Protein chains: 2
Amino acid sequence: MNQISHIDVEARVERFRQDCRDAGLSLTHQREIIFRALVEMHGHPSPESIYGVVKRQIPAISLATVYKNLKTFIDHGLTREVSLHHGALRLETNSAPHHHFVCVRCKEIFDIDEELLQPVELRRTLPDGFRLQRCSVEFQGLCRSCGKPSS
Amino acid sequence: MNQISHIDVEARVERFRQDCRDAGLSLTHQREIIFRALVEMHGHPSPESIYGVVKRQIPAISLATVYKNLKTFIDHGLTREVSLHHGALRLETNSAPHHHFVCVRCKEIFDIDEELLQPVELRRTLPDGFRLQRCSVEFQGLCRSCGKPSS
DNA sequence: CTAACTGCAAAGTGTTTGCACTCTT
DNA sequence: AAGAGTGCAAACACTTTGCAGTTAG
């Protein structure tokens, strides 16, 4: 919704370079262009749409490279995916209202009883025209087995 | 996490039958077996895993039928999908902490500034061994354009 | 120089579709 | 009957993989 200023982009790209060095990642031309495209875009772009932007600057780039790099970025916390459970349809079997705990490592989903939470409260109303139907909270972290020091 | 009692299953299947009648959906054998399998399973099953269960009772059933019916169930509110944005990878461009509003109709995702919300509070701690890293709220409803009476 | 990265094409997933046949109503 | 639903196979979209060649450190 907000414009992104050039200074933000530059700052984020600069931090990106540092993060790559810190993580031992090569700073390739492709890598940087992809990251820059990402931070210059707004909303929640798909790999394809990022590819479309990047291709204007590196016509020979392949979609696979975009995918590989986005995955690398995610793995190193350089960007984030909108949802931990994209990829495949999953159905609810629990018909009672509840929230979810998603393990960032094994991706397993655990139900969290609704009454474990204080009701979520808005400080102000949603932007005009938006009609709220329901709201659910997603907790992210490590589940019991993934959090064990051994594993 | 909890066992599902037979009485719950029967009650839900009975309601299902009624819902189908109300919605003008044919009550086929396959349909009912699929629904029953779903409510008898626990957690967040995939279409494949439901297919596996159903196949034991109707060996000739096809995976496509399972998919078609699950979609029908979702469309009629007879069950719910775990995440509205499974399907394809989407990246965040907004690096500030924020929540999401997802339009149930057009599936568009809108960022909701973190400070619009009272912080989410737990009444008790999470089950032992779970390590919380972050938490984000997903609002669902109709967005501005989908909520217009015209559309 | 070496390990990491890229581009390509091919292979994988998970999911949908078209169509002839079969059931529910 | 008529329309809705089913099974099959083929088509799809999205993503990953293997590998030979290239580049960063």
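To find a chain, count down the sequence lines: A is the first, B the second, and so on, and within it residues start at 1. Quick caveat: nothing in here was measured; it's all calculated off a predicted structure.
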Notebook entry, point to check: Any donor-acceptor pair under 3.5 Å linking the side chain of B:R90 with the backbone of A:H44?
Noted result: yes
Check: Does any N or O in the side chain of B:R17 come within less than 3.5 Å of the main-chain N or O of B:L27, such that one atom is a donor and the other an acceptor?
Finding: no
Rounded to whole angstroms, how far apart are [atom1] on [X] and [atom2] on [N]?
X     : N      : atom1 : atom2 : result
B:R21 : D:dA4  : CZ    : P     : 18 Å
B:Q30 : D:dG5  : CD    : P     : 11 Å
B:D75 : D:dG5  : CG    : C1'   : 15 Å
A:N69 : D:dA24 : CG    : P     : 13 Å
A:L63 : D:dA13 : CG    : P     : 13 Å
B:R17 : C:dT25 : CZ    : P     : 11 Å
B:L25 : D:dG5  : CG    : C1'   : 10 Å

Next item on the list: Could you please name the option among D:dT17, D:dG5, D:dG7 that lies closest to any side-chain atom of A:K68?
Entry: D:dT17
Notebook entry, point to check: B:S26 has a side chain; which of C:dC5, D:dG5, D:dT6 sits nearest to it?
Noted result: D:dG5
Notebook entry, point to check: Below 6.0 angstrom between ring centroids: does that apply to A:F130 and B:F110?
Noted result: yes
Next item on the list: Determine the contact category for A:A88: base if any of its heavy atoms lies under 4.0 Å from a base atom, sugar-phosphate if only primed atoms, P, OP1 or OP2 are that close, otherwise nothing.
Entry: sugar-phosphate
Check: With a 4.0 Å cut-off on heavy atoms, is B:T65 in touch with a base, just the backbone sugar-phosphate, or nothing at all?
Finding: base
Check: Want to settle it: does A:I61 or B:A64 sit nearer the 5' end of DNA chain C, counting the closest nucleotide to each?
Finding: A:I61
Next item on the list: Would you kindly compare B:G24 and B:L89 by the position of their nearest DNA chain D nucleotide and give the one closer to the 5′ end?
Entry: B:G24
Next item on the list: Check the side chains of A:E138 and A:H85 for a donor-acceptor pair under 3.5 angstrom, ignoring hydrogens and angles.
Entry: yes
Notebook entry, point to check: Do the side-chain N and O atoms of B:Q18 and B:R15 include a donor-acceptor pair separated by under 3.5 angstrom?
Noted result: no
Notebook entry, point to check: Below 3.5 Å, does any donor atom in the side chain of B:K71 face an acceptor in the base of C:dG14, or the other way round?
Noted result: no
Notebook entry, point to check: Using a heavy-atom distance cut-off of less than 4.0 Å, which residues of residues 45-52 of chain A contact DNA chain C?
Noted result: none
